[in-house]
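In the text below, chain A, chain B and the rest are named by the order of the sequence lines, each starting its count at 1.
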Protein chains: 2
Amino acid sequence: MNILIVSAHPEPASLTNALRDIAIDQLKADGHEVQLSDLYAMNFKTVVDRDDFPAVDPAEPLRPTVASMKAAAAREFSQDVLDEQEKVFWADAVIFAFPLWWFSVPAIMKGWIDRVWTAGVGYQLTGERYGAGRMAGKRAMLMVMVGGQESYFSERGVNGPINDLLFPITHGMLYYPGFDVLPSLLVHGTHHLGEKYPAVVEGVRERMRTLFTIPPIPFRPQGGGDYTEKAFELREEVAASAPAGFAAHIHTDAE
Amino acid sequence: MNILIVSAHPEPASLTNALRDIAIDQLKADGHEVQLSDLYAMNFKTVVDRDDFPAVDPAEPLRPTVASMKAAAAREFSQDVLDEQEKVFWADAVIFAFPLWWFSVPAIMKGWIDRVWTAGVGYQLTGERYGAGRMAGKRAMLMVMVGGQESYFSERGVNGPINDLLFPITHGMLYYPGFDVLPSLLVHGTHHLGEKYPAVVEGVRERMRTLFTIPPIPFRPQGGGDYTEKAFELREEVAASAPAGFAAHIHTDAE
(Lines give C-alpha, C1' and ligand atoms only; values in the text may rest on other atoms or scores of the structure.)
Protein backbone atom coordinates (compact mmCIF):
# COMPACT_ATOMS: atom_id res chain seq x y z
CA MET A 1 0.00 0.00 0.00
CA ASN A 2 0.99 3.67 -0.28
CA ILE A 3 1.56 5.79 2.82
CA LEU A 4 2.18 9.53 3.07
CA ILE A 5 3.73 10.80 6.29
CA VAL A 6 3.45 14.51 7.06
CA SER A 7 5.72 15.59 9.89
CA ALA A 8 6.34 18.91 11.63
CA HIS A 9 9.30 19.41 13.94
CA PRO A 10 12.13 21.93 13.46
CA GLU A 11 14.82 19.60 14.86
CA PRO A 12 16.02 16.63 12.78
CA ALA A 13 17.13 14.88 15.99
CA SER A 14 13.71 15.30 17.67
CA LEU A 15 11.60 12.49 19.10
CA THR A 16 8.93 13.30 16.50
CA ASN A 17 11.36 12.66 13.67
CA ALA A 18 12.94 9.62 15.33
CA LEU A 19 9.58 7.88 15.75
CA ARG A 20 8.52 9.00 12.28
CA ASP A 21 11.64 7.34 10.86
CA ILE A 22 10.92 4.16 12.81
CA ALA A 23 7.42 4.18 11.35
CA ILE A 24 8.89 4.55 7.84
CA ASP A 25 11.35 1.75 8.50
CA GLN A 26 8.61 -0.61 9.62
CA LEU A 27 6.30 0.29 6.74
CA LYS A 28 9.04 -0.33 4.20
CA ALA A 29 10.00 -3.60 5.89
CA ASP A 30 6.40 -4.68 5.46
CA GLY A 31 6.56 -3.95 1.72
CA HIS A 32 4.73 -0.62 1.61
CA GLU A 33 5.64 2.46 -0.42
CA VAL A 34 6.26 5.60 1.64
CA GLN A 35 6.44 9.29 0.79
CA LEU A 36 7.44 11.89 3.36
CA SER A 37 6.48 15.55 3.63
CA ASP A 38 8.83 16.91 6.31
CA LEU A 39 7.29 20.38 6.46
CA TYR A 40 10.21 22.10 8.17
CA ALA A 41 12.78 20.50 5.86
CA MET A 42 10.66 21.56 2.85
CA ASN A 43 10.27 25.06 4.27
CA PHE A 44 6.60 24.58 3.44
CA LYS A 45 4.71 27.85 3.02
CA THR A 46 2.42 28.20 5.99
CA VAL A 47 -0.10 30.89 5.18
CA VAL A 48 -3.08 31.01 2.85
CA ASP A 49 -2.75 34.14 0.75
CA ARG A 50 -3.26 35.50 -2.74
CA ASP A 51 -0.34 33.49 -4.14
CA ASP A 52 -2.36 30.32 -3.50
CA PHE A 53 -4.89 31.33 -6.15
CA PRO A 54 -3.05 32.32 -9.34
CA ALA A 55 -6.32 32.74 -11.25
CA VAL A 56 -7.75 35.41 -8.94
CA ASP A 57 -7.76 38.90 -10.46
CA PRO A 58 -5.29 41.02 -8.43
CA ALA A 59 -7.82 43.88 -8.54
CA GLU A 60 -10.47 41.79 -6.77
CA PRO A 61 -10.62 41.28 -3.01
CA LEU A 62 -9.42 37.80 -2.00
CA ARG A 63 -12.20 35.67 -0.53
CA PRO A 64 -10.35 32.40 0.14
CA THR A 65 -13.37 30.06 0.11
CA VAL A 66 -14.83 31.59 -3.04
CA ALA A 67 -11.41 31.64 -4.71
CA SER A 68 -10.87 27.98 -3.81
CA MET A 69 -14.26 26.97 -5.21
CA LYS A 70 -13.60 28.81 -8.47
CA ALA A 71 -10.13 27.29 -8.80
CA ALA A 72 -11.26 23.72 -8.08
CA ALA A 73 -12.50 22.63 -11.52
CA ALA A 74 -9.33 23.54 -13.43
CA ARG A 75 -7.18 22.91 -10.33
CA GLU A 76 -5.68 26.38 -10.51
CA PHE A 77 -3.73 26.18 -7.26
CA SER A 78 -0.10 26.98 -6.58
CA GLN A 79 2.37 24.24 -7.49
CA ASP A 80 3.38 23.36 -3.91
CA VAL A 81 -0.28 22.77 -3.01
CA LEU A 82 -0.82 20.66 -6.14
CA ASP A 83 2.27 18.58 -5.28
CA GLU A 84 0.95 17.83 -1.79
CA GLN A 85 -2.49 16.99 -3.15
CA GLU A 86 -0.93 14.51 -5.60
CA LYS A 87 0.79 12.77 -2.70
CA VAL A 88 -2.52 12.54 -0.83
CA PHE A 89 -4.33 11.19 -3.90
CA TRP A 90 -1.58 8.57 -4.27
CA ALA A 91 -1.76 7.52 -0.62
CA ASP A 92 -3.93 4.80 0.90
CA ALA A 93 -3.10 6.19 4.32
CA VAL A 94 -1.83 9.53 5.61
CA ILE A 95 -0.01 9.81 8.95
CA PHE A 96 0.54 13.14 10.70
CA ALA A 97 3.50 13.13 13.14
CA PHE A 98 3.90 16.19 15.36
CA PRO A 99 4.45 17.54 18.87
CA LEU A 100 1.29 18.87 20.55
CA TRP A 101 1.93 22.61 20.85
CA TRP A 102 -0.71 24.56 22.72
CA PHE A 103 -3.23 21.74 22.41
CA SER A 104 -3.05 21.56 18.61
CA VAL A 105 -0.73 20.98 15.68
CA PRO A 106 2.29 23.26 15.14
CA ALA A 107 1.47 26.26 12.94
CA ILE A 108 3.30 24.82 9.94
CA MET A 109 1.06 21.74 9.98
CA LYS A 110 -2.08 23.87 10.38
CA GLY A 111 -0.81 25.74 7.34
CA TRP A 112 -0.55 22.47 5.41
CA ILE A 113 -4.21 21.74 6.25
CA ASP A 114 -5.35 25.31 5.53
CA ARG A 115 -3.63 25.26 2.12
CA VAL A 116 -3.85 21.66 0.87
CA TRP A 117 -7.50 21.05 1.84
CA THR A 118 -8.82 23.20 -1.00
CA ALA A 119 -12.28 22.96 -2.53
CA GLY A 120 -12.56 19.66 -4.38
CA VAL A 121 -10.03 18.08 -2.01
CA GLY A 122 -10.76 18.95 1.62
CA TYR A 123 -14.38 19.86 0.94
CA GLN A 124 -16.76 19.25 -1.91
CA LEU A 125 -18.84 21.79 -3.80
CA THR A 126 -21.64 19.21 -3.59
CA GLY A 127 -21.48 19.09 0.20
CA GLU A 128 -20.37 15.51 0.88
CA ARG A 129 -18.46 15.38 4.14
CA TYR A 130 -18.00 13.34 7.31
CA GLY A 131 -17.64 9.83 6.01
CA ALA A 132 -17.94 10.92 2.37
CA GLY A 133 -15.79 13.13 0.19
CA ARG A 134 -12.62 13.03 -1.86
CA MET A 135 -10.73 11.10 0.86
CA ALA A 136 -13.27 8.31 1.31
CA GLY A 137 -11.59 4.91 1.39
CA LYS A 138 -8.30 6.30 2.70
CA ARG A 139 -7.08 6.03 6.26
CA ALA A 140 -5.56 8.80 8.39
CA MET A 141 -3.87 8.80 11.77
CA LEU A 142 -2.24 11.20 14.19
CA MET A 143 1.06 10.36 15.89
CA VAL A 144 1.26 12.90 18.71
CA MET A 145 4.13 13.74 21.07
CA VAL A 146 2.55 15.06 24.27
CA GLY A 147 4.86 16.94 26.64
CA GLY A 148 2.69 16.94 29.74
CA GLN A 149 1.91 14.13 32.18
CA GLU A 150 -0.73 11.65 31.03
CA SER A 151 -2.99 12.45 33.99
CA TYR A 152 -3.34 16.08 32.86
CA PHE A 153 -5.01 14.76 29.70
CA SER A 154 -7.11 12.02 31.31
CA GLU A 155 -10.90 11.87 31.38
CA ARG A 156 -10.88 14.28 34.35
CA GLY A 157 -7.49 15.91 33.72
CA VAL A 158 -7.16 19.68 33.94
CA ASN A 159 -6.29 20.05 30.23
CA GLY A 160 -9.35 18.11 29.09
CA PRO A 161 -9.32 14.57 27.66
CA ILE A 162 -6.70 14.25 24.94
CA ASN A 163 -9.08 12.68 22.43
CA ASP A 164 -11.51 15.58 22.88
CA LEU A 165 -8.67 18.08 22.44
CA LEU A 166 -7.78 16.28 19.19
CA PHE A 167 -11.41 16.10 17.97
CA PRO A 168 -11.16 19.33 15.90
CA ILE A 169 -8.31 17.56 14.08
CA THR A 170 -9.47 13.93 13.89
CA HIS A 171 -13.13 14.71 13.20
CA GLY A 172 -12.86 18.23 11.76
CA MET A 173 -9.72 18.13 9.63
CA LEU A 174 -9.71 14.40 8.71
CA TYR A 175 -13.14 12.77 8.97
CA TYR A 176 -14.75 15.82 7.32
CA PRO A 177 -12.77 15.28 4.06
CA GLY A 178 -13.77 11.60 4.16
CA PHE A 179 -10.87 9.74 5.78
CA ASP A 180 -11.38 6.75 8.03
CA VAL A 181 -9.55 8.05 11.09
CA LEU A 182 -7.64 5.63 13.29
CA PRO A 183 -7.30 6.09 17.05
CA SER A 184 -4.44 8.52 17.64
CA LEU A 185 -1.05 7.10 18.59
CA LEU A 186 -0.13 9.09 21.69
CA VAL A 187 3.31 9.34 23.26
CA HIS A 188 2.97 10.93 26.70
CA GLY A 189 5.62 12.45 28.95
CA THR A 190 8.00 13.02 26.05
CA HIS A 191 10.42 15.09 28.14
CA HIS A 192 11.19 12.12 30.37
CA LEU A 193 10.70 8.95 28.33
CA GLY A 194 13.87 7.29 29.59
CA GLU A 195 13.49 3.55 29.92
CA LYS A 196 10.01 3.65 28.40
CA TYR A 197 11.54 4.39 25.00
CA PRO A 198 11.85 0.79 23.73
CA ALA A 199 8.18 0.15 24.49
CA VAL A 200 7.23 3.35 22.64
CA VAL A 201 9.27 2.22 19.63
CA GLU A 202 7.59 -1.18 19.66
CA GLY A 203 4.21 0.55 19.91
CA VAL A 204 4.99 2.54 16.77
CA ARG A 205 6.13 -0.59 14.90
CA GLU A 206 3.04 -2.53 15.97
CA ARG A 207 0.74 0.30 14.91
CA MET A 208 2.42 0.38 11.48
CA ARG A 209 1.99 -3.39 11.11
CA THR A 210 -1.73 -3.05 11.81
CA LEU A 211 -2.31 0.24 9.96
CA PHE A 212 -4.75 -1.33 7.53
CA THR A 213 -6.43 -3.79 9.86
CA ILE A 214 -7.35 -2.00 13.10
CA PRO A 215 -10.81 -0.47 13.13
CA PRO A 216 -11.13 3.30 12.68
CA ILE A 217 -12.87 5.57 15.21
CA PRO A 218 -16.58 4.89 14.53
CA PHE A 219 -17.55 8.52 13.88
CA ARG A 220 -21.13 8.92 12.70
CA PRO A 221 -21.31 9.64 8.95
CA GLN A 222 -23.31 12.76 8.10
CA GLY A 223 -25.33 10.81 5.55
CA GLY A 224 -25.91 7.74 7.71
CA GLY A 225 -29.30 8.70 9.09
CA ASP A 226 -28.17 9.89 12.54
CA TYR A 227 -28.41 13.58 11.58
CA THR A 228 -31.37 15.65 10.40
CA GLU A 229 -31.43 16.53 6.71
CA LYS A 230 -30.71 20.22 6.42
CA ALA A 231 -29.64 21.43 9.84
CA PHE A 232 -27.36 18.39 10.27
CA GLU A 233 -28.08 17.97 13.96
CA LEU A 234 -28.17 14.64 15.78
CA ARG A 235 -31.71 13.32 15.72
CA GLU A 236 -33.43 13.50 19.08
CA GLU A 237 -33.65 9.72 19.48
CA VAL A 238 -29.94 9.38 18.71
CA ALA A 239 -28.92 12.22 21.03
CA ALA A 240 -31.06 10.81 23.84
CA SER A 241 -28.96 7.67 24.11
CA ALA A 242 -25.63 9.27 23.18
CA PRO A 243 -23.11 10.60 25.71
CA ALA A 244 -22.62 14.37 26.08
CA GLY A 245 -19.81 16.28 24.41
CA PHE A 246 -17.93 15.25 21.29
CA ALA A 247 -18.47 11.58 22.12
CA ALA A 248 -22.04 11.97 20.85
CA HIS A 249 -20.58 11.91 17.34
CA ILE A 250 -19.07 8.46 17.84
CA HIS A 251 -21.13 5.30 17.50
CA THR A 252 -21.52 3.51 20.82
CA ASP A 253 -20.95 -0.23 21.19
CA ALA A 254 -24.63 -0.76 21.80
CA GLU A 255 -25.64 0.50 18.36
CA MET B 1 -7.67 50.84 29.41
CA ASN B 2 -5.22 49.28 26.94
CA ILE B 3 -6.40 46.78 24.34
CA LEU B 4 -4.32 44.69 21.93
CA ILE B 5 -6.12 43.27 18.91
CA VAL B 6 -4.47 40.40 17.05
CA SER B 7 -6.09 39.72 13.67
CA ALA B 8 -5.45 37.19 10.93
CA HIS B 9 -7.01 37.55 7.50
CA PRO B 10 -5.10 37.93 4.20
CA GLU B 11 -7.66 40.35 2.69
CA PRO B 12 -7.84 43.96 3.95
CA ALA B 13 -11.45 44.16 2.75
CA SER B 14 -12.51 41.00 4.64
CA LEU B 15 -15.33 40.77 7.17
CA THR B 16 -12.75 39.91 9.84
CA ASN B 17 -10.92 43.17 9.25
CA ALA B 18 -14.11 45.22 8.88
CA LEU B 19 -15.45 44.06 12.25
CA ARG B 20 -12.02 44.41 13.81
CA ASP B 21 -11.92 48.04 12.66
CA ILE B 22 -15.40 48.65 14.06
CA ALA B 23 -14.19 47.22 17.37
CA ILE B 24 -11.20 49.58 17.30
CA ASP B 25 -13.45 52.52 16.46
CA GLN B 26 -15.75 51.78 19.39
CA LEU B 27 -12.89 51.21 21.83
CA LYS B 28 -11.28 54.51 20.88
CA ALA B 29 -14.61 56.31 21.09
CA ASP B 30 -14.90 55.00 24.64
CA GLY B 31 -11.49 56.47 25.49
CA HIS B 32 -9.35 53.32 25.38
CA GLU B 33 -5.88 52.92 23.90
CA VAL B 34 -5.62 50.33 21.13
CA GLN B 35 -2.69 48.55 19.49
CA LEU B 36 -3.16 46.27 16.50
CA SER B 37 -1.14 43.27 15.37
CA ASP B 38 -2.46 42.53 11.88
CA LEU B 39 -0.46 39.36 11.35
CA TYR B 40 -0.79 39.22 7.56
CA ALA B 41 0.05 42.93 7.15
CA MET B 42 3.09 42.43 9.42
CA ASN B 43 4.10 39.31 7.51
CA PHE B 44 4.48 37.78 10.96
CA LYS B 45 6.84 34.79 11.01
CA THR B 46 4.73 31.72 11.57
CA VAL B 47 7.04 28.92 12.56
CA VAL B 48 8.98 28.16 15.70
CA ASP B 49 12.54 27.42 14.69
CA ARG B 50 16.14 27.97 15.73
CA ASP B 51 16.00 31.69 14.88
CA ASP B 52 13.57 32.15 17.80
CA PHE B 53 16.31 31.26 20.27
CA PRO B 54 19.44 33.29 19.49
CA ALA B 55 21.25 31.98 22.58
CA VAL B 56 21.04 28.32 21.57
CA ASP B 57 24.37 26.88 20.44
CA PRO B 58 24.05 26.06 16.71
CA ALA B 59 25.89 22.80 17.36
CA GLU B 60 23.24 21.62 19.85
CA PRO B 61 19.94 20.01 18.84
CA LEU B 62 17.01 22.42 19.22
CA ARG B 63 14.57 21.36 21.92
CA PRO B 64 12.02 24.20 21.78
CA THR B 65 10.66 23.84 25.34
CA VAL B 66 14.11 23.53 26.90
CA ALA B 67 15.43 26.40 24.77
CA SER B 68 12.49 28.56 25.79
CA MET B 69 13.01 27.81 29.49
CA LYS B 70 16.71 28.65 29.24
CA ALA B 71 16.02 31.87 27.37
CA ALA B 72 13.29 33.08 29.75
CA ALA B 73 15.36 34.67 32.52
CA ALA B 74 17.39 36.95 30.25
CA ARG B 75 14.54 37.16 27.72
CA GLU B 76 16.77 35.99 24.89
CA PHE B 77 14.06 35.71 22.27
CA SER B 78 13.98 37.10 18.75
CA GLN B 79 13.00 40.76 18.45
CA ASP B 80 9.63 40.18 16.78
CA VAL B 81 8.59 37.88 19.64
CA LEU B 82 9.78 40.40 22.25
CA ASP B 83 7.81 43.15 20.49
CA GLU B 84 4.60 41.13 20.63
CA GLN B 85 5.19 40.23 24.26
CA GLU B 86 5.62 43.92 25.13
CA LYS B 87 2.23 44.64 23.56
CA VAL B 88 0.65 41.85 25.60
CA PHE B 89 2.28 43.10 28.83
CA TRP B 90 0.95 46.60 28.04
CA ALA B 91 -2.58 45.36 27.37
CA ASP B 92 -5.41 45.01 29.87
CA ALA B 93 -7.30 42.96 27.30
CA VAL B 94 -6.31 41.01 24.18
CA ILE B 95 -8.80 40.31 21.39
CA PHE B 96 -8.18 37.71 18.69
CA ALA B 97 -10.13 38.34 15.45
CA PHE B 98 -10.04 35.58 12.83
CA PRO B 99 -12.00 33.37 10.46
CA LEU B 100 -12.51 29.79 11.70
CA TRP B 101 -10.47 27.70 9.27
CA TRP B 102 -10.73 23.95 9.73
CA PHE B 103 -12.18 24.33 13.21
CA SER B 104 -9.28 26.40 14.54
CA VAL B 105 -7.32 29.61 14.05
CA PRO B 106 -5.53 30.27 10.75
CA ALA B 107 -1.96 28.97 10.74
CA ILE B 108 -0.47 32.46 11.08
CA MET B 109 -2.36 33.00 14.35
CA LYS B 110 -1.36 29.57 15.64
CA GLY B 111 2.18 30.64 14.86
CA TRP B 112 1.72 33.80 16.94
CA ILE B 113 0.65 31.62 19.89
CA ASP B 114 3.41 29.03 19.32
CA ARG B 115 6.06 31.77 19.21
CA VAL B 116 4.86 34.50 21.60
CA TRP B 117 3.75 32.20 24.44
CA THR B 118 7.34 31.44 25.48
CA ALA B 119 8.42 30.23 28.90
CA GLY B 120 7.88 33.03 31.40
CA VAL B 121 5.02 34.39 29.30
CA GLY B 122 2.68 31.63 28.13
CA TYR B 123 3.82 29.19 30.80
CA GLN B 124 5.73 29.52 34.04
CA LEU B 125 8.79 27.59 35.14
CA THR B 126 7.07 27.42 38.54
CA GLY B 127 4.01 25.73 37.08
CA GLU B 128 1.26 28.31 37.69
CA ARG B 129 -1.43 27.95 35.03
CA TYR B 130 -5.19 27.95 34.52
CA GLY B 131 -6.29 31.01 36.42
CA ALA B 132 -2.74 31.93 37.46
CA GLY B 133 0.33 32.90 35.47
CA ARG B 134 1.86 35.90 33.76
CA MET B 135 -1.50 36.93 32.20
CA ALA B 136 -3.53 36.91 35.43
CA GLY B 137 -5.68 40.02 35.72
CA LYS B 138 -5.90 40.52 31.95
CA ARG B 139 -8.90 39.68 29.81
CA ALA B 140 -8.92 37.84 26.49
CA MET B 141 -11.62 37.24 23.92
CA LEU B 142 -12.09 35.54 20.57
CA MET B 143 -13.97 37.25 17.74
CA VAL B 144 -14.67 34.41 15.32
CA MET B 145 -16.05 34.48 11.78
CA VAL B 146 -17.78 31.13 11.22
CA GLY B 147 -18.53 30.22 7.62
CA GLY B 148 -20.99 27.36 8.20
CA GLN B 149 -24.61 27.48 9.29
CA GLU B 150 -25.18 27.98 13.01
CA SER B 151 -27.03 24.65 13.34
CA TYR B 152 -23.92 22.73 12.24
CA PHE B 153 -22.19 24.07 15.38
CA SER B 154 -25.12 23.72 17.79
CA GLU B 155 -25.23 21.47 20.84
CA ARG B 156 -26.14 18.53 18.56
CA GLY B 157 -24.67 19.89 15.33
CA VAL B 158 -22.55 17.61 13.14
CA ASN B 159 -19.39 19.72 13.62
CA GLY B 160 -19.63 19.61 17.40
CA PRO B 161 -20.65 22.56 19.62
CA ILE B 162 -18.70 25.68 18.69
CA ASN B 163 -17.65 26.43 22.26
CA ASP B 164 -16.22 22.92 22.61
CA LEU B 165 -14.37 23.30 19.30
CA LEU B 166 -12.90 26.54 20.66
CA PHE B 167 -12.01 25.05 24.07
CA PRO B 168 -8.42 24.18 23.06
CA ILE B 169 -8.07 27.92 22.32
CA THR B 170 -10.13 29.58 25.08
CA HIS B 171 -9.08 27.19 27.84
CA GLY B 172 -5.79 25.87 26.45
CA MET B 173 -4.19 28.87 24.79
CA LEU B 174 -5.72 31.64 26.92
CA TYR B 175 -6.90 30.47 30.35
CA TYR B 176 -3.71 28.39 30.75
CA PRO B 177 -1.48 31.52 30.62
CA GLY B 178 -3.79 33.16 33.17
CA PHE B 179 -6.23 35.29 31.18
CA ASP B 180 -9.83 35.77 32.24
CA VAL B 181 -11.49 34.57 29.03
CA LEU B 182 -14.72 36.18 27.89
CA PRO B 183 -17.43 34.27 26.03
CA SER B 184 -16.44 34.20 22.36
CA LEU B 185 -18.09 36.70 20.03
CA LEU B 186 -19.34 34.49 17.19
CA VAL B 187 -20.47 35.66 13.77
CA HIS B 188 -22.24 32.80 12.01
CA GLY B 189 -23.12 32.36 8.34
CA THR B 190 -20.50 34.87 7.24
CA HIS B 191 -20.93 34.04 3.54
CA HIS B 192 -24.51 35.29 3.58
CA LEU B 193 -24.80 37.97 6.26
CA GLY B 194 -26.84 40.33 4.09
CA GLU B 195 -29.38 42.28 6.10
CA LYS B 196 -28.08 40.82 9.36
CA TYR B 197 -24.94 42.95 9.03
CA PRO B 198 -26.13 46.01 11.00
CA ALA B 199 -27.08 43.80 13.95
CA VAL B 200 -23.67 42.13 13.81
CA VAL B 201 -21.98 45.53 13.84
CA GLU B 202 -24.06 46.62 16.82
CA GLY B 203 -23.17 43.35 18.56
CA VAL B 204 -19.48 44.11 18.13
CA ARG B 205 -19.91 47.67 19.42
CA GLU B 206 -21.91 46.50 22.43
CA ARG B 207 -19.32 43.85 23.25
CA MET B 208 -16.57 46.48 23.13
CA ARG B 209 -18.56 48.77 25.45
CA THR B 210 -18.86 45.94 27.98
CA LEU B 211 -15.40 44.43 27.51
CA PHE B 212 -14.39 45.11 31.10
CA THR B 213 -17.75 44.50 32.77
CA ILE B 214 -19.19 41.24 31.45
CA PRO B 215 -18.27 38.16 33.46
CA PRO B 216 -15.62 35.82 32.02
CA ILE B 217 -16.22 32.11 31.37
CA PRO B 218 -16.05 30.60 34.88
CA PHE B 219 -13.33 28.05 34.12
CA ARG B 220 -12.13 26.21 37.20
CA PRO B 221 -8.70 27.47 38.35
CA GLN B 222 -6.12 24.71 38.73
CA GLY B 223 -5.26 25.95 42.21
CA GLY B 224 -8.84 26.47 43.38
CA GLY B 225 -9.32 23.13 45.09
CA ASP B 226 -11.34 21.40 42.37
CA TYR B 227 -8.33 19.40 41.12
CA THR B 228 -6.11 16.89 42.89
CA GLU B 229 -2.66 18.08 43.87
CA LYS B 230 -0.17 16.35 41.59
CA ALA B 231 -2.17 14.59 38.91
CA PHE B 232 -4.37 17.67 38.43
CA GLU B 233 -7.55 15.71 37.85
CA LEU B 234 -11.02 16.85 38.88
CA ARG B 235 -11.76 15.54 42.35
CA GLU B 236 -14.29 12.75 42.42
CA GLU B 237 -16.90 14.79 44.28
CA VAL B 238 -16.54 17.64 41.77
CA ALA B 239 -16.66 15.36 38.74
CA ALA B 240 -19.73 13.57 40.10
CA SER B 241 -21.88 16.68 39.86
CA ALA B 242 -20.20 18.15 36.77
CA PRO B 243 -21.42 17.63 33.20
CA ALA B 244 -19.43 15.38 30.86
CA GLY B 245 -16.95 16.70 28.31
CA PHE B 246 -15.10 20.00 28.44
CA ALA B 247 -18.00 21.57 30.35
CA ALA B 248 -16.74 19.78 33.47
CA HIS B 249 -13.99 22.41 33.62
CA ILE B 250 -16.49 25.25 33.91
CA HIS B 251 -18.14 26.14 37.22
CA THR B 252 -21.86 25.44 37.17
CA ASP B 253 -24.42 27.96 38.38
CA ALA B 254 -25.21 25.75 41.35
CA GLU B 255 -21.69 26.00 42.77
Side-chain angles (χ1 to χ4, degrees), chain A residues 10-14 40 46-50 61-65 99 101-108 110-111 113-115 117 122 130 147 149 151-152 154-160 164-165 167-169 171-173 176 191 220 222 227 230-234 239 243-249, chain B residues 10-14 40 46-50 61-65 99 101-108 110-111 113-115 117 122 130 147 149 151-152 154-160 164-165 167-169 171-173 176 191 220 222 227 230-234 239 243-249:
Chain A
E11 172 56 51
S14 60
Y40 272 94
T46 305
V47 301
V48 170
D49 60 19
R50 197 173 275 275
L62 174 67
R63 301 181 64 190
T65 310
W101 285 354
W102 292 104
F103 308 102
S104 188
V105 292
I108 200 170
K110 181 58 169 44
I113 295 283
D114 286 348
R115 298 186 63 229
W117 280 184
Y130 291 125
Q149 273 189 42
S151 69
Y152 305 165
S154 71
E155 201 52 38
R156 294 181 185 174
V158 65
N159 292 337
D164 283 351
L165 291 165
F167 182 92
I169 307 170
H171 185 263
M173 303 182 200
Y176 185 116
H191 297 301
R220 300 179 188 276
Q222 179 171 288
Y227 298 94
K230 283 183 182 164
F232 298 120
E233 293 180 295
L234 277 175
F246 289 145
H249 299 282
Chain B
E11 172 55 50
S14 60
Y40 271 95
T46 305
V47 301
V48 170
D49 60 20
R50 196 172 277 276
L62 175 67
R63 301 181 63 191
T65 309
W101 284 355
W102 292 104
F103 308 101
S104 189
V105 293
I108 200 169
K110 182 56 167 46
I113 295 282
D114 286 348
R115 298 187 63 230
W117 280 184
Y130 292 124
Q149 274 189 41
S151 69
Y152 305 165
S154 71
E155 202 51 38
R156 293 179 185 175
V158 65
N159 292 338
D164 283 352
L165 291 165
F167 181 92
I169 307 170
H171 186 263
M173 302 182 201
Y176 185 116
H191 297 302
R220 300 179 188 275
Q222 178 171 287
Y227 297 94
K230 283 184 182 162
F232 297 120
E233 293 179 296
L234 277 174
F246 288 146
H249 300 282

Next on the checklist: Tell me which of these, B:Ser151, B:Gly172, B:Pro106, has more heavy-atom pairs under 4.5 Å with chain A than the rest.
Outcome noted: B:Ser151
Next on the checklist: Once side-chain hydrogen bond (donor to acceptor under 3.5 Å, both in side chains) is applied, do any residues pair with B:His249, and if so which ones, sequence neighbours excluded?
Outcome noted: B:Tyr227
Next on the checklist: Between B:Ala239, B:Ala13, B:Pro99, B:Gly245, who has the most heavy-atom pairs with chain A when the cutoff is under 4.5 Å?
Outcome noted: B:Ala239
Checklist entry - Rounded to the nearest 0.5 Å, how far apart are NZ of B:Lys230 and CD of A:Gln149? => result 10.0 Å
Item to check | Portion of B:Arg115 that has a non-hydrogen atom of chain A nearer than 4.5 angstrom | outcome: neither
Checklist entry - How long is the gap from CG on A:Leu62 to CG on A:Asp49, to the nearest 0.5 Å? => result 8.0 Å
Checklist outcome for this item: Value for CE (A:Met173) from CG (A:Asp114), rounded to nearest 0.5 Å, stands at 7.5 Å
Checklist outcome for this item: Max heavy-atom pairs within cutoff under 4.5 Å with chain A, candidates B:Pro12, B:Gly147, B:Gly122, goes to B:Gly122
Checklist entry - Can you check whether B:Tyr130's main-chain N or O pairs, donor with acceptor, with B:Arg220's side chain at less than 3.5 Å? => result no
Next on the checklist: Tell me which of these, A:Pro61, A:Gly111, A:Ser154, A:Ala244, has more heavy-atom pairs under 4.5 Å with chain B than the rest.
Outcome noted: A:Pro61
Checklist entry - chain A heavy atoms under 4.5 Å from B:Ala231: which part of the residue, side chain, backbone, both or neither? => result both
Checklist outcome for this item: Applying side-chain contact (heavy atoms from CB on, under 4.5 Å) to A:Ala247 and not counting sequence neighbours gives A:Pro243
Next on the checklist: With chain A as the partner, which of B:Phe232, B:Trp102, B:Phe103, B:Tyr40 has the greatest number of non-hydrogen pairs under 4.5 Å?
Outcome noted: B:Trp102
Next on the checklist: Under 4.5 Å from any heavy atom of chain A, what part of B:Phe167 do you find: side chain, backbone, both or neither?
Outcome noted: side chain
Checklist outcome for this item: Answer key: most heavy-atom pairs under 4.5 Å with chain A among B:Asn159, B:Ile169, B:Asp164 is B:Asn159
Checklist entry - From A:Trp101 CH2 over to A:Lys110 NZ, what is the distance, rounded to the nearest 0.5 angstrom? => result 15.5 Å
Checklist entry - By a 4.5 Å heavy-atom criterion (distance strictly below it), what part of B:Ser104 contacts chain A: side chain, backbone, both, or neither? => result both
